[in-house]
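The next block holds one structure in the form of structure tokens; read it before the comments.
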Amino acid sequence: MKRMRIGIIGHQFMGRAHSNAWLQAPRFFDLDIEPVLQIACGRRLLPLKEFAENWGWKEIETDWRRVVDRDDIDIIDIAAPQYLHHEIAVAALKAGKHVFLEKPMAMTVEQAQEMEATALISGKVHYLNHNYRRCPAVRLAKNMIDEGKIGRIFHWRGAYLQDWLTDPEFPLTWQLEKEKAGSGAQADLNSHSIDLARYLVGEISQVTGMTAQFVSERPLPNKNAAAFKGGSSGEGMGKVTVEDASFMTVRFVNGALGSFEASRFAVGRKNYNLFEIYGSKGSVSFNLERMNELQYYNNDDQYGEKGFRTILATDPSHDYITNWWPPGHIIGYEHEFVHAMVDFLGAISKGQEIHPNFTDGVREMEILEAGLRSAEEGRMIELETL
Ligand code: SOE
């Protein structure tokens, strides 16, 4: 079995989700490549050391350049904040590494374009991790749409709603700083919805956007503060420089009309990543908080017996399920990351592409940027004019 050594950059929420997935992938799936958790990289030595020991990373390093420059590293896993994505991904691809990159792709369209060009020239596998594409229930929706079960699509409705920033005392973590996050709910949450909309409905041609900021300054964070995990330093306040909510309406190239709602102030919604797709022959609806289920309305059902039904996507016929448990023994958030690692290693072994890749990422960045530009300028943006 071919072994491939991984260097991971970042050890917070995504570092944990990725480490778990690299370990579980060979335990539940037959792989041609064995992933080796070789070296973990982060800025703070003590938490990095604890992270490496907990997950079994063999070495640690505080300078990502030294990880990228190592000849014995085959894959670079970028699980760091997006302000680091461009520099690390370009360097890793130029050093001949395959790149597994956490979303969102970059800070700007220009950065994303350079990452895509470098990836295409490198001939290496480049993957942008939008984990929700690899939910069995989302794959079921994709298969039903591709088989024509929904017919001509009229509408997409995406709503990615959380509420972890509603408390004005929640500290100013990096997700709230433009120079580190690029933007707020738009890049963090609408990026996921845009990826799912492109995957399930198609490309977007026109965008209008509107944003809001509800809390303009917050307590400075302590060193342990992170997404969903507060902790103030007591050293004063800092300015929030991103939007708290970002809504868009779009026209798809195929004529469908769509809407996107992204907010971290939707009190009561924890990780409510919802989409609804309405077509001529039927409709589907998915919500990550009930991630094993797909709602389906079949417009060809018997008159008087029509209604949305709940499909539990845990049968052997549903993608990935045979490698886990019997029907009804549901899977969770972390399993999508395992599926991503399995497909990423499969793409390397077969010399194939995996989607979403950096070309998908450029499309996504264009739509993200169009939404924010529309909100700023108060006009609809035609995407090909970007
Ligand atoms: C915070 O909003 C966050 O961690 C996102 O950054 C992730 O992409 C999402 O999957 C969960 O919530």
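For clarity, every value in this text was computed on a predicted model and none was experimentally measured. Nothing fancy with the numbering, it's 1 onward along the sequence. Atoms within each ligand, like the ligands themselves, are counted from 1 in listed order.
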Centroid-to-centroid, His329 to Trp324, below 6.0 Å?
-> no
Any residue meeting side chain to side chain contact (heavy atoms under 4.5 Å, CB included) with Met210, in chain and number order, not counting sequence neighbours | none
Could you check whether the rings of Tyr132 and Tyr160 sit parallel, tilted or perpendicular, using 30° and 60° as the cut-offs?
-> perpendicular
Check whether any N or O atom of Asp188, backbone or side chain, sits under 3.5 Å from an N or O atom of ligand 1, and answer yes or no.
-> yes
May I ask whether Glu102 places a heavy atom under 4.0 Å from ligand 1?
-> no
In the protein, which heavy atom is nearest to atom 10 (O) of ligand 1, and how far is it?
-> Tyr132 OH, 2.6 Å
Is it true that Phe337 lies under 4.0 Å from ligand 1, counting heavy atoms only?
-> no
So among Phe29, Trp55, Phe100, which one has a ring-ring contact (aromatic ring centres under 6.0 Å, His included) with Trp22?
-> Phe100
Option whose closest heavy atom lies nearest to atom 12 (O) of ligand 1, chosen from Gln162, Gln12, Gln175 | Gln162
Heavy atom of the protein closest to atom 8 (O) of ligand 1 (residue, atom name, distance) = His192 NE2, 2.7 Å
Cation-pi check, Lys306 to Tyr297: give yes when NZ or CZ is under 6.0 Å from the six-membered ring centre and within 45° of the ring axis, no otherwise.
-> no
Nearest neighbour in protein (non-hydrogen) for atom 9 (C) of ligand 1 = Tyr160 OH, 3.3 Å
Determine, for Glu34 against Arg3, whether the closest basic-nitrogen to carboxylate-oxygen distance falls under 4.0 angstrom.
-> yes
Considering only non-hydrogen protein atoms, determine which one is nearest to atom 4 (O) of ligand 1 and report residue, atom name and distance to 0.1 Å.
-> Phe13 CE1, 3.3 Å
